[in-house]
Colleague: 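Can you read through this structure? Questions will come right after.
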Protein chains: 2
Amino acid sequence: MTKQQAALADGSPGVVYRGIVDGLYRGRYVPGQRLVEADLTRDFDVGRGSVREALSRLAAEGLISMSLHRSAIIRSMSRVEVRDLVALLEVLNGFAARLAADRIEEGANRKLIDDACATLLDAEVQRDFLHFARARNAFYKTMVAIGGNHELARIMPRTNVDLLRVQFRAYQTVDEGVRIGDYRAIYDAIAEGVGRKAEAAAKTHIRRLGDAIDRLPDAAFAG
Amino acid sequence: MTKQQAALADGSPGVVYRGIVDGLYRGRYVPGQRLVEADLTRDFDVGRGSVREALSRLAAEGLISMSLHRSAIIRSMSRVEVRDLVALLEVLNGFAARLAADRIEEGANRKLIDDACATLLDAEVQRDFLHFARARNAFYKTMVAIGGNHELARIMPRTNVDLLRVQFRAYQTVDEGVRIGDYRAIYDAIAEGVGRKAEAAAKTHIRRLGDAIDRLPDAAFAG
DNA sequence: TATTTAGAAATTGTCGGACAATTTCTCCGT
DNA sequence: ACGGAGAAATTGTCCGACAATTTCTAAATA
């Protein structure tokens with residue numbers, strides 16, 4: 001029954017898909033790990049077809065890599081790939097922040113971002129990776145939603161942000177070098193309603209993130 | 001045998017996937033059309049599982065929309081969706097053009113973009129939608145490749161550009177209001193190696209495209 | 001005639017089994 | 001320790017089946 005309902009919510013593939021993403025954040029799966037279809041079939045108690053569909057969704061979003069006749073594996077990014085991703089995120093997040101600032105007065109937007117920011121700042125003081133990661137994702141999601149560009153909202157999850165988070169979870173220095181004040185600055189600029197300023201704040205933040213990552217040892221990267 | 005080889009090239013799902021994208025450009029499939037799994041199974045002579053996998057890939061890239069227990073249908077965008085997409089493409093293409101200009105001197109990059117541009121300008125004088133569409137896609141693809149950002153290259157196909165092309169294929173005004181000189185300007189800026197200029201040229205082009213689309217009648221849009 | 005509605009048909013969601021193709025593992029001889 | 005042949009594991013793909021749901025059809029009703 002429970003399984004039936006969960007499945008109907010958005011299908012067995014969705015269950016597997018979310019299970020794996022969640023498992024990633026929880027550390028159940030780590031970069032480089034093989035994902036054997038038979039195991040997943042057993043773990044999630046669904047047919048192989050559904051597992052396959054979930055895997056191809058994950059591959060489409062870049063979380064895993066698949067090649068013919070080889071097991072899917074959780075991707076881990078090289079230095080170059082990370083640099084590329086950060087550069088892209090700078091552009092995308094800058095765009096998102098600008099849109100959000102420009103539309104801060106519409107509807108309940110101001111309240112939405114207020115709440116998301118409060119939750120984020122609150123989560124910041126705690127030391128729970130999972131809790132903070134959720135709050136941060138929610139903050140960005142809200143920012144994008146307020147911006148009101150549906151295509152941006154569709155594209156954002158297709159970037160490899162999740163992979164980025166997970167790959168460097170062990171290195172607190174990344175987050176710590178970035179956290180203090182950055183999110184606050186982005187929020188302030190958005191609340192102020194000045195698009196250009198919000199874009200700059202978001203870009204600065206991402207650039208600082210990139211710098212922190214650059215200082216990481218080779219062991220943190222693939223290949 | 002032939003089928004076997006094609007399948008092994010990158011799998012049956014890939015055959016179906018490419019077949020549908022190609023069919024879109026050829027007009028075999030039009031926005032709003034239902035894609036019934038059984039039909040595709042027959043048309044492409046593959047199992048339903050493979051059809052399903054191809055469909056979910058197409059859905060991930062936004063070309064079709066799927067909801068539970070309902071046939072997949074070729075998406076067609078509303079005015080708002082198109083506006084959002086154009087805004088996103090402006091940012092993305094601007095970024096791509098800037099990167100390309102900055103790396104024009106590396107390797108064989110200059111020759112690559114030279115060739116792609118020549119092919120594009122040549123295709124422009126002809127009046128063959130398919131031929132021109134291919135050349136344009138190749139040009140953009142080259143531009144992105146030269147830029148060297150793999151994440152951008154991964155994301156670009158996930159935008160709904162294909163849908164955009166197809167949806168307005170009947171309205172030459174869109175292309176005509178844009179073509180003359182625009183691609184040339186982008187190319188020149190890239191060849192000059194000035195990132196900022198290339199970004200501006202690309203953005204101007206997309207903005208002009210958006211303006212042309214704005215002038216289209218309601219009949220060209222969904223919903 | 002237009003509208004509603006019950007039943008039939010079509011379609012999707014999912015599972016299990018099957019088998020070939022390929023990769024990965026294991027063990028043996030050198 | 002090393003390389004290679006055979007065994008085991010794993011993926012790629014198809015087929016058939018059946019429940020859940022939507023879509024179509026045609027009769028019943030206002």
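All chains are named by letter (A, B, ...) in the order of the sequence lines, taking the proteins before the strands, and each is independently numbered beginning at 1. Note that the structure is predicted; figures quoted are calculated from it, not measured.
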Colleague: Would you mind reading off the distance between L68(B) atom CG and dT12(C) atom C1', rounded to a whole angstrom?
Modeller: 8 Å

Colleague: So that I can tick it off, tell me whether D22(B) and R26(B) are bridged by a salt bridge, with the cut-off set at under 4.0 angstrom between side-chain N and carboxylate O.
Modeller: yes

Colleague: Rounded to the nearest angstrom, tell me the gap between atom CD in E37(B) and atom P in dT22(D).
Modeller: 15 Å

Colleague: For a quick check of understanding: with a heavy-atom distance under 4.0 Å over all strands, which category does L55(B) fall into, base, sugar-phosphate or nothing?
Modeller: nothing

Colleague: Measure from the side chain of R48(A), starting at C-beta and using heavy atoms only, and say which of dT23(D), dT12(C), dT11(D) lies closest.
Modeller: dT11(D)

Colleague: Between dG16(C) atom P and R42(A) atom CZ, what is the distance in whole Å?
Modeller: 13 Å

Colleague: Looking at S71(A), does any N or O in its side chain come under 4.0 Å of the phosphate oxygens OP1/OP2 on dT10(D)?
Modeller: no

Colleague: Separation of R52(B) atom CZ from dC15(C) atom P, in whole Å?
Modeller: 10 Å

Colleague: Which nucleotide in the list dG12(D), dT14(C), dT24(C) gets nearest to the side chain of R34(A)?
Modeller: dT24(C)

Colleague: Rounded to whole Å, please give me the gap between NE2 in H69(A) and P in dT22(C).
Modeller: 5 Å

Colleague: In whole angstroms, how far is the C1' atom of dT12(C) from the CG atom of L35(B)?
Modeller: 13 Å

Colleague: Less than 4.0 Å between a side-chain N and a carboxylate O, is that true for R208(B) and D211(B)?
Modeller: no

Colleague: Look at the side-chain N and O atoms of R70(A) and state whether any lies under 4.0 Å from the OP1 or OP2 oxygen of dT24(C).
Modeller: yes

Colleague: Return the value, rounded to whole Å, for the distance between atom OH of Y17(A) and atom C1' of dT14(C).
Modeller: 21 Å

Colleague: Minimum heavy-atom separation for E81(A) and S76(A), please, with both atom names.
Modeller: OE1-O, 4.0 Å

Colleague: Report, one line per pair, each donor and acceptor closer than 3.5 Å where one atom sits in a side chain of residues 160-169 of chain A; sequence neighbours left out.
Modeller:
unit_1	atom_1	unit_2	atom_2	d
N160(A)	OD1	R154(B)	NH2	3.3
N160(A)	ND2	E151(B)	OE1	3.4
N160(A)	ND2	E151(B)	OE2	3.3
D162(A)	OD1	Y25(A)	OH	2.6
Q167(A)	OE1	M77(A)	N	2.8
Q167(A)	NE2	M77(A)	O	2.9
Q167(A)	NE2	A220(A)	O	2.9
R169(A)	NH1	Y25(A)	O	3.0
R169(A)	NH2	Y25(A)	O	3.1

Colleague: Mind calculating the distance between CG (D45(A)) and P (dG16(C)) to the nearest angstrom?
Modeller: 8 Å

Colleague: Please state whether the phosphate of dG12(D), meaning OP1 or OP2, lies under 4.0 angstrom from any side-chain nitrogen or oxygen of S50(B).
Modeller: no

Colleague: Does the pair K111(A)/D115(A) count as a salt bridge with the N-to-O cut at 4.0 Å?
Modeller: yes

